[in-house]
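Any value given below was found using the heavy atoms of this structure, including those in side chains, with hydrogens, waters and symmetry copies removed.
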There are 2 protein chains.
Amino acid sequence: MKGVAVENGASEAVGGGSNLSHRIETLLRERILKWSYPPGLHLGEIALCAEFKASRIPVREALRILAEQGLVDKVPNQGCFVKQPDVEETQQLYDMRLALELFVVESLASAGSLSLDWLKEQRVYWEPLLAVKADDTADRDALVDADTLFHFGLAEALGNQPICNALRDINARLRFVRLAAITNAHRIQETAGEHLAVLDALEKRDAEAARRSLRQNINHSRNKVELAIGRALMSVHKKRG
Amino acid sequence: MKGVAVENGASEAVGGGSNLSHRIETLLRERILKWSYPPGLHLGEIALCAEFKASRIPVREALRILAEQGLVDKVPNQGCFVKQPDVEETQQLYDMRLALELFVVESLASAGSLSLDWLKEQRVYWEPLLAVKADDTADRDALVDADTLFHFGLAEALGNQPICNALRDINARLRFVRLAAITNAHRIQETAGEHLAVLDALEKRDAEAARRSLRQNINHSRNKVELAIGRALMSVHKKRG
DNA sequence: GCTCGTGCCATTGTATACAATGATGTTATA
DNA sequence: TATAACATCATTGTATACAATGGCACGAGC
């Protein structure tokens with residue numbers, strides 16, 4: 001381990017990879033996802049070079065990757081801009097997620113290849129949340145992570161790498177919006193119920209029921225997120241005006 | 001300047017994008033897909049620099065993109081290698097394609113949003129192929145293109161950009177293998193029949209039937225490709241031995 | 001004969017520099 | 001005042017150069 005002597009003013013430890021490109025990429029992604037860089041912000045290569053005290057090469061690499069993942073927009077001769085939340089695109093990403101996950105649960109139900117340990121583990125997590133109280137200030141980040149683990153765990157159980165990768169990418173593009181997906185106690189209960197329904201169906205190897213429950217879950221989430229994007233855009237506009 | 005005696009006579013005009021990275025990327029992809037670069041071939045940055053008379057920067061970019069698309073493997077401290085056809089990965093890509101396309105036809109059938117023009121156009125193309133003769137030396141490339149257009153047309157009709165992009169990527173990764181998918185008259189007839197069945201189901205807005213026919217079509221294709229990969233690998237091994 | 005250390009080399013990451021392209025802003029003229 | 005030509009700047013693509021890391025082979029020592 002070597003001491004990382006070169007760091008920017010915000011000297012938070014960047015867990016990221018070993019090379020500078022990756023560190024910059026991680027930092028940028030973090031700031032974009034946390035809205036620390038507001039949507040529409042111009043990300044000039046030279047400005048970023050100054051900010052990270054790096055040359056253009058690593059910055060370019062980072063921007064390229066973020067552009068591929070859809071977190072920044074690359075306008076041909078003007079530079080990069082922090083992606084604006086886009087309702088239509090978000091809906092479409094949700095649809096793609098739905099497409100992949102429907103297939104996943106259908107396959108899992110047919111194959112019955114889901115480990116019982118995992119099923120139990122998920123049950124243990126979600127069942128208590130059926131009775132969550134309104135004023136329960138549950139850790140939202142933890143909930144979002146658990147939700148991710150639930151969905152991602154299904155995909156992993158199928159063992160299809162391309163599908164897992166695609167879902168990971170979709171998740172990255174949706175995450176800064178999904179923070180708003182689980183907002184209140186009602187939605188937490190609802191989510192828990194839907195997840196448990198999926199688990200039940202998988203255990204019974206009922207593919208149709210699994211598809212139905214999963215579709216319900218994702219569509220509910222999608223609807224919440226649509227509202228959240230509206231709010232977020234409004235707030236951004238307010239800040240600008 | 002080092003006199004590296006690498007002469008590629010391929011001075012053909014590369015239609016590709018305007019920048020060097022993109023041209024190199026296109027050339028490399030072409031050669032990999034055409035098996036002009038055999039699987040496992042080491043693609044050293046410096047060798048490629050010499051070959052394309054470019055500096056490392058564009059070459060790196062090209063290699064990176066190809067690595068992302070899965071056409072080359074990037075081994076941490078050894079460089080890039082032309083991807084070996086991988087039966088398991090191919091199967092998984094087919095599964096992912098199936099996942100996306102099942103959702104596409106299901107949605108299209110439910111929404112009934114497929115243009116009648118497109119339906120007719122596809123019918124006109126595939127119906128004659130039901131009666132193709134054994135010795136009919138149809139243009140295989142044209143058939144593969146038509147097949148691609150059929151499947152891609154469905155996705156486009158749904159208008160979901162992320163799904164279209166994903167399918168395009170999958171196609172790129174499968175293409176050098178799919179050339180072997182439609183091999184004989186029997187399979188051509190079968191394919192035509194399956195496609196027409198999908199079209200019928202979509203016209204009747206029967207989502208289940210559409211899913212069934214599409215699944216059949218893709219699974220048949222998948223099976224053929226599995227055999228083709230086996231043959232290809234065998235041939236490569238023979239050449240090596 | 002086997003194992004371990006060392007030095008060389010390929011790969012990789014990064015920095016700096018230069019050319020070209022397209023956008024923007026300014027000024028001069030009608 | 002409006003428009004057109006021009007100057008300037010930001011972005012982008014590319015080249016060359018240097019540092020660092022890890023692998024591999026060769027040779028020395030046990």
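- Between Asn19(A) and dG13(C) there is a side-chain N or O to OP1 or OP2 distance below 4.0 Å.
- The side chain of Leu20(B) approaches dT14(D) more closely than any other nucleotide in the set dT12(C), dA15(C), dT14(D).
- No engagement by Val59(B) is indicated, since no non-hydrogen atom pair under 4.0 Å with the nucleic acid exists.
- Contact check, Arg60(B) against dT14(D): no side-chain N or O comes under 4.0 Å of OP1 or OP2.
- Residue whose closest nucleotide on DNA chain C sits further toward the 5' end, between Asn77(A) and Ile57(A): Ile57(A).
- Residue Glu61(A) is classed as having no contact, given no heavy-atom separation below 4.0 Å to the nucleic acid.
- Taking CG of Leu174(B) as the reference point, atom OG1 of Thr148(B) lies at 10.0 Å (rounded to 0.5 Å).
- Protein atom CZ of Arg64(B) is 13 Å distant from nucleotide atom P of dG13(D), rounded to whole Å.
- Checked by atom type and distance alone, the side chain of Gln69(B) never pairs as donor or acceptor with a backbone atom of Arg29(B) at under 3.5 Å.
- Across dA15(C), dC24(D), dT24(C), the shortest atom-to-atom separation from the side chain of Pro58(A) is found for dA15(C).
- His42(B) has a side-chain polar atom (N or O) that falls below the 4.0 Å cut-off from OP1 or OP2 of dT11(C).
- Rounded to whole angstrom, the span from the CG atom of Leu63(A) across to the P atom of dG13(D) amounts to 12 Å.
- A 6.0 Å sphere centred on NZ of Lys74(B) holds more than 12 heavy atoms belonging to other residues, nucleotides or ligands.
- When the P atom of dA10(D) is taken as reference, atom CG of Leu43(A) falls 17 Å away, rounded to whole Å.
- Looking only at atom types and distance, the side chain of Asn171(B) has no donor-acceptor partner in the side chain of His151(B) under 3.5 Å away.
- Rounded to whole angstrom, the span from the CD atom of Glu45(A) across to the P atom of dT14(C) amounts to 15 Å.
- If you measure from atom CG of Leu48(A) to atom P of dA10(D), you get 15 Å, rounded to the nearest angstrom.
- The nucleotide whose nearest atom lies closest to any side-chain atom of Ser21(B) is, among dC24(D), dT14(D), dA15(C), dT14(D).
- Among the nucleotides dT12(D), dA15(C), dT11(C), the one closest to any side-chain atom of Ile46(B) is dT11(C).
- With hydrogens and angles ignored, a donor-acceptor pair closer than 3.5 Å exists between the side chain of Arg56(A) and the base of dG13(D).
- For the pair His22(A) NE2 and dT14(C) P, the interatomic distance rounds to 11 Å; values are reported in whole Å.
- In this structure, the side chains of Leu63(A) and Leu28(A) come closer than 4.5 Å at one or more pairs of heavy atoms.
- Place Ser55(A) and Gln78(A) on DNA chain C by their nearest nucleotides, and Ser55(A) ends up nearer the 5' end.
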